[in-house]
Number of protein chains: 2
Amino acid sequence: MNAATRPDARDRMIRSAAVLFRQQGIEGTSFSDVLDHSGAPRGSIYHHFPGGKAQLAEEATRYAGDYIAAGLIAALDDGEPVVAIQKFTSFWLELLREADFAAGCPVVAAAVEGDRTPGARVAAGAAFERWHELLATALERRGLPADRARSVASLTIAATEGAIVLARAQRSTEPLEDVAAELERLVASL
Amino acid sequence: MNAATRPDARDRMIRSAAVLFRQQGIEGTSFSDVLDHSGAPRGSIYHHFPGGKAQLAEEATRYAGDYIAAGLIAALDDGEPVVAIQKFTSFWLELLREADFAAGCPVVAAAVEGDRTPGARVAAGAAFERWHELLATALERRGLPADRARSVASLTIAATEGAIVLARAQRSTEPLEDVAAELERLVASL
DNA sequence: GTCTATACGAAGATAGAC
DNA sequence: GTCTATCTTCGTATAGAC
């Protein structure tokens with residue numbers, strides 16, 4: 001097993017950072033946390049990330065955004081936006097249960113801690129926009145007028161992300177289950 | 001002007017903390033930041049908050065939650081939930097514009113940084129639940145079945161809070177405007 | 001590419017005078 | 001109730017050897 005078959009230290013650090021940001025936010029996560037979690041050697045931090053924590057935060061946010069986007073693309077492959085939205089909310093419900101409400105969305109963390117890590121905030125904005133584009137396009141393809149498709153896509157992403165925040169705070173899946181039901185009802189009626 | 005007519009150092013610190021948490025999150029805000037912003041003397045931190053930063057974070061989150069709840073109650077006084085929801089989203093739109101997208105909701109910050117400040121996270125959950133209760137009750141009073149009222153209330157709060165996060169990341173009011181339009185359309189049709 | 005050691009600053013928290 | 005000073009810990013970042 002060598003560098004070609006196993007993720008190298010750099011990738012492992014990015015993945016670990018994304019996981020930890022989900023739980024503790026960016027400010028709440030130290031390099032030591034990332035090293036412990038990834039098993040990467042301390043000496044390689046500034047070798048791989050000369051831009052320091054800001055660079056790591058930005059790359060981890062971009063990685064997470066791409067990861068979710070890939071999931072959305074796969075979910076939309078079936079063609080029916082309703083199904084994709086169900087898969088999207090189910091994905092997050094599953095994550096919340098697995099983590100016992102101790103983890104949310106790392107992209108949200110980057111957005112909320114905003115101006116202290118500008119690169120991460122920009123990456124978060126780009127991720128949200130990408131997801132929005134994917135959903136809006138799918139809704140439009142299904143026959144919705146372009147502007148309505150865009151606003152329903154906004155509602156879907158905002159409501160899901162917001163519900164994850166509520167669910168974490170209340171340690172209950174109810175907000176997200178409510179949102180999933182309302183979104184399903186709405187989109188099915190279009 | 002004395003202690004009875006002017007907010008004392010303790011209150012000023014709580015208010016300042018809430019403002020700063022909106023912008024930088026809890027971890028991103030130091031005691032020095034709070035002292036600078038509030039003008040409170042350094043020597044009184046542990047006099048007023050023997051529990052340190054955890055206590056300040058918890059009280060600031062509770063204060064912010066109560067503040068928003070009071071706004072919701074006032075908005076619901078007109079009777080029509082649609083109007084109250086419009087006022088709710090408009091309030092946040094205004095805040096985002098004023099702050100040039102550099103500030104969000106402090107309760108969300110407490111929820112996302114969660115387990116590093118457990119007291120604040122619990123206070124965030126209580127705040128969300130209170131808002132939810134207010135909205136759900138108003139919707140039920142307007143004739144909606146109880147369970148539907150609850151899920152529409154969840155959607156409203158989750159979508160609004162989520163849209164604030166998206167808007168900050170993208171530095172655009174569009175997500176929140178989209179959500180406001182969709183919520184208005186939905187609630188008006190009930 | 002990874003190691004150890006360390007500089008440097010910031011932040012939370014405490015002590016004791018006033 | 002507030003002041004100054006300080007302790008301690010921790011986190012980012014750097015230096016230089018291997």
Query raised in the report: Is the closest side-chain heavy-atom distance between A:Pro145 and A:Arg148 below 4.5 Å?
Result: yes
Requested in this report: Choose from D:dT4, D:dT12, C:dT2 the nucleotide whose nearest atom is closest to any side-chain atom of A:Arg42.
Outcome: D:dT12
Query raised in the report: To the nearest angstrom, how far is B:Leu56 atom CG from C:dA11 atom C1'?
Result: 14 Å
Query raised in the report: Does a nitrogen or oxygen in the side chain of B:His47 sit under 4.0 Å from OP1 or OP2 of D:dG1?
Result: yes
Query raised in the report: Toward the 5' end of DNA chain D, which comes first, A:Pro50 or A:Asp33, by nearest nucleotide?
Result: A:Asp33
Query raised in the report: Reckon A:Tyr46 has a side-chain N or O less than 4.0 Å from the OP1 or OP2 of D:dA13?
Result: yes
**Report entry** B:Leu144 with B:Val83, same ILVMFWY side-chain cluster at under 4.5 Å
**Finding:** no
Report task. Please report, rounded to the nearest Å, how far the P atom of C:dT4 is from the CZ atom of A:Phe31. Result -> 17 Å
Query raised in the report: Can you check the B:Phe49 CZ to C:dT14 P distance for me, whole Å?
Result: 15 Å
Report task. Measure from CZ on A:Arg116 to P on C:dA10 and round the result to the nearest Å. Result -> 12 Å
Query raised in the report: Rounded to the Å, how far apart are A:Gln24 CD and D:dC10 P?
Result: 15 Å
Requested in this report: Identify whether the distance between the nearest side-chain nitrogen and carboxylate oxygen of B:Glu80 and B:Arg142 falls below 4.0 Å.
Outcome: yes
Query - For atom CD1 of A:Ile26 and atom C1' of D:dT12, their distance in whole Å - result: 15 Å
Query raised in the report: Given the rule that I, L, V, M, F, W and Y join up when any side-chain heavy atoms are under 4.5 Å apart, are B:Leu20 and B:Ile26 in one cluster?
Result: no
Report task. Mind calculating the distance between NZ (A:Lys53) and P (C:dC8) to the nearest angstrom? Result -> 22 Å
Requested in this report: Rounded to the nearest angstrom, tell me the gap between atom CD1 in A:Ile45 and atom P in C:dA5.
Outcome: 16 Å
